[in-house]
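Keep in mind the model is a prediction, meaning the values are calculated, not measured.
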Amino acid sequence: MLPLESIQKAHQIIAPVIERTAFSYAPRLSSLTSANIYLKKENLQRTGAFKIRGAFNKIAQMSEQSRAKGVIAASAGNHAQGVAYSARHFGIPSVIVMPEATPLLKVLATKELGAEVVLSGDNYDEAYAKAYEIAKQRDLSFIHPFADEEVMAGQGTIALEMIEEQELDFVLVPIGGGGLIGGILSAYKALSPHTKIIGVQAKGANAMATSFYAKKIQNSTSVRTIADGIAVRDVNALNFSYICEGLSAIVEVDDEEIASAILYLLENQKLVVEGAGASGVAALLHRKLEIKPNERVGIVLSGGNIDVTMLNLIIQKGLIKTHRRLQLQIVLMDKPGALQNLTSILARANANIVQTDYDRTSINLAYGDVYITLAIETKGEAHKQQICKELKANGYEFSEIL
């Protein structure tokens, strides 16, 4: 474990530039699980994620000579903004190498903080290789997002704030490379050793979970997850050693579970959280661990930098899954009044049409027929079934589009 003194020192160093984010009781989640749930809202941190803590602590403790040359990092976005923000604070240049598929929101936010952005590779590990190459060519100091003890100490300051405010039985922490959970583990083992730390990893990027249970490093060949902040392919030996020493368990959540947690937090907690940040809530909602009534659980919402396009997709799919949006393809006779008859039936069923589309050319249609595709707002499963029943009773052929 990291020495507690290094985390406490980091907390003093970063205090002037970070937000002490809220650590709040979540009544709806608590009621749903019969436990006492608390959310550490690092999605409301400056730069929108916890990463600024570790980046600033690392750069602040560099020598002035090393800082003056400039810094470089590889990141899917949150570490990028943390490094760029910290570099701007100290008046030094920064270069950030990001995977080519990094959401535009994170790319633009990093550029706005004054960093030079280079897009390279399909994932973090390929971006890392490019960043390491540029660091050598340009003699820049490489700021690792997780395999660095000063970075980990900065991330561990989250735990100091949580421990000061609330005694907990469990803490759920997302795992990408392992820097966040390594710092949090170290603080809890020193100050609250009875608290169980549970790692949460995306099923599509689960090398750390596989390695943890195999008790040896087992890297992945590829990663695929909407949780880009924890989409790390390879396991770092330093971070693996911390996790093996103190972690109670690692659980996995898939993209559907992560998406449902993002939507839940948006609707019920009024919080915008990215995939990695929602992973702990996903584990809770989908019963990935056994929690007894009234046990106290802290969940780290690690970041909120979600791409608007992805958020819109999650909302639209979520509405369909929860029977609040119905998409139908209906066969109509292509003649005047046919559409009016259909919409009259839907109006009587209190169905609100929000989108329509026509297709006369499909080879599956008889001549004189047309496909009309409708998106309809519904009020739950019973309302959806009522609409379908009315359409069948009036002789319409239709299929649901999922």
**Message:** Less than 4.5 Å apart, side chain to side chain, heavy atoms only: is that true for M208 and V232?
**Reply:** no

**Asked** Can L238 and D148 be said to form a side chain to side chain contact (heavy atoms under 4.5 Å, CB included), step by step?
**Response** CA-CA 8 Å; L238 173 64; D148 182 290; over 6 Å; no

**Item:** salt bridge (charged side-chain N to carboxylate O under 4.0 Å, His left out) evaluation trace for K384 with E400
**Value:** CA-CA 11 Å; K384 170 184 165 181; E400 185 176 353; 3.0 Å; yes

**Message:** Looking at G156, is its backbone amide N or carbonyl O close enough to the side chain of H11 to form a donor-acceptor pair, meaning the two atoms are under 3.5 Å apart?
**Reply:** no

**Asked** Does a sphere of radius 6.0 Å around CZ in R20 hold more than 12 heavy atoms from other residues, nucleotides or ligands, not counting ones at 6.0 Å or beyond?
**Response** yes

**Prompt:** Going from OG on S279 to CD1 on I230, what distance comes out if it is rounded to the nearest 0.5 angstrom?
**Reply:** 4.5 Å

**Backbone of S30 reached by a side-chain donor or acceptor of Y25 within 3.5 Å** = no

**Asked** Within the side chain of K51, is there an N or O that forms a donor-acceptor pair under 3.5 Å with the backbone of P145?
**Response** yes

**Request:** Any chance you could measure K216, atom NZ, to T210, atom OG1, to the nearest 0.5 Å?
**Result:** 12.0 Å

**Item:** K106/D228 salt bridge by N-O under 4.0 Å criterion
**Value:** yes

**Prompt:** Near E164 CD, under 6.0 Å, is it more than 12 heavy atoms from other residues, nucleotides or ligands?
**Reply:** yes

**Request:** Looking only at non-hydrogen atoms, find the nearest pair between D334 and R360 and report the distance.
**Result:** OD2-NE, 2.7 Å

**From CA spacing to verdict: side chain to side chain contact (heavy atoms under 4.5 Å, CB included), I262, M310** = CA-CA 11 Å; I262 291 171; M310 175 59 71; over 6 Å; no

**Request:** Decide, yes or no, whether a salt bridge links E267 with R324 under the criterion of side-chain N to carboxylate O below 4.0 Å.
**Result:** yes

**Asked** Are there more than 12 heavy atoms of other residues, nucleotides or ligands under 6.0 Å from atom NZ of K189?
**Response** yes

**Item:** Reported CZ-to-CD1 distance for the pair F23 and I163, which is rounded to 0.5 angstrom
**Value:** 9.5 Å

**Asked** What do the steps show when you test D359 against Q329 for side-chain hydrogen bond (donor to acceptor under 3.5 Å, both in side chains), and what is the final call?
**Response** CA-CA 10 Å; D359 178 10; Q329 187 179 68; 5.6 Å; no

**Prompt:** Taking only residues two or more places apart in sequence or in another chain, which ones pass ring-ring contact (aromatic ring centres under 6.0 Å, His included) with Y358?
**Reply:** none

**Request:** Step through the shown structure and confirm whether more than 12 heavy atoms of other residues, nucleotides or ligands are within 6.0 Å of CD on E397.
**Result:** no

**Request:** Spell out, as yes or no, whether a donor-acceptor pair under 3.5 Å connects the side chain of N206 to the backbone of A209.
**Result:** no

**Asked** How about L301 and V281: do any of their side-chain heavy atoms sit closer than 4.5 Å?
**Response** yes

**Asked** S120 side chain to A127 main-chain N or O, any donor-acceptor pair under 3.5 Å?
**Response** no

**Asked** Taking the side chain as C-beta and beyond, is there a heavy-atom pair between E161 and K40 under 4.5 Å?
**Response** yes

**Prompt:** Which heavy atom of G154 sits nearest a heavy atom of I14, and at what distance?
**Reply:** O-CD1, 4.3 Å

Enumerate, atom names and distances included, each donor-acceptor pair closer than 3.5 Å involving a side-chain atom of residues 89-105, sequence neighbours excluded.
unit_1: T102; atom_1: OG1; unit_2: P99; atom_2: O; d: 2.7

**Message:** Check whether H79 reaches the backbone of I143 with its side chain - one donor and one acceptor, N or O, closer than 3.5 Å.
**Reply:** yes

**Item:** Trace of the side chain to side chain contact (heavy atoms under 4.5 Å, CB included) decision for L342 with L391
**Value:** CA-CA 8 Å; L342 173 63; L391 290 173; 3.6 Å; yes

**Check: E274/N78 side-chain N/O donor and acceptor closer than 3.5 Å** = yes

**Asked** For S141 and M62, what are the C-alpha separation, side-chain angles and deciding distance, and is it a side chain to side chain contact (heavy atoms under 4.5 Å, CB included)?
**Response** CA-CA 9 Å; S141 296; M62 292 169 59; 3.4 Å; yes

**Item:** E295/K196 ion pair, N-O < 4.0 Å
**Value:** no

**Request:** Keeping the roles fixed (side chain from D169, backbone from N294), state whether a donor-acceptor pair exists under 3.5 Å.
**Result:** no

**Asked** Quick one: do K203 and E252 make a salt bridge, cutoff under 4.0 Å?
**Response** no

**Item:** Under 3.5 Å donor-acceptor, R233 side chain and N219 backbone
**Value:** no

**Prompt:** So with a 6.0 Å cut-off around OH of Y132, is the heavy-atom count from everything else above 12?
**Reply:** no

**CD (E64) with more than 12 external heavy atoms under 6.0 Å** = no

**Message:** Taking the basic N atoms (NZ, or NE/NH1/NH2) and the acidic carboxylate oxygens, is any pair closer than 4.0 Å for E42 and R53?
**Reply:** yes

**Asked** Is there side-chain contact between L263 and K317, with at least one heavy-atom pair below 4.5 Å?
**Response** no

**Asked** Do N43 side-chain atoms and G277 backbone N/O form a donor-acceptor pair below 3.5 Å?
**Response** no

**Asked** Does E257 use its side chain to pair, donor to acceptor, with the backbone of D254 at less than 3.5 Å?
**Response** yes

For residues 375-382, please give each side-chain donor-acceptor pair under 3.5 Å, one per line with the distance, not counting sequence neighbours.
unit_1: E377; atom_1: OE1; unit_2: N352; atom_2: ND2; d: 3.0
unit_1: T378; atom_1: OG1; unit_2: H323; atom_2: O; d: 2.7
unit_1: T378; atom_1: OG1; unit_2: R325; atom_2: N; d: 3.3

**Asked** Do L113 and V83 have side chains that get closer than 4.5 Å, going by heavy atoms?
**Response** no

**Item:** Side-chain touch F56/T47, heavy atoms, less than 4.5 angstrom
**Value:** no

**Message:** Would you say that V331 contacts Y371 through its side chain, given a criterion of any heavy-atom pair below 4.5 Å between the two side chains?
**Reply:** yes

**Message:** Are the side chains of L266 and I315 in contact, using a 4.5 Å heavy-atom criterion?
**Reply:** yes

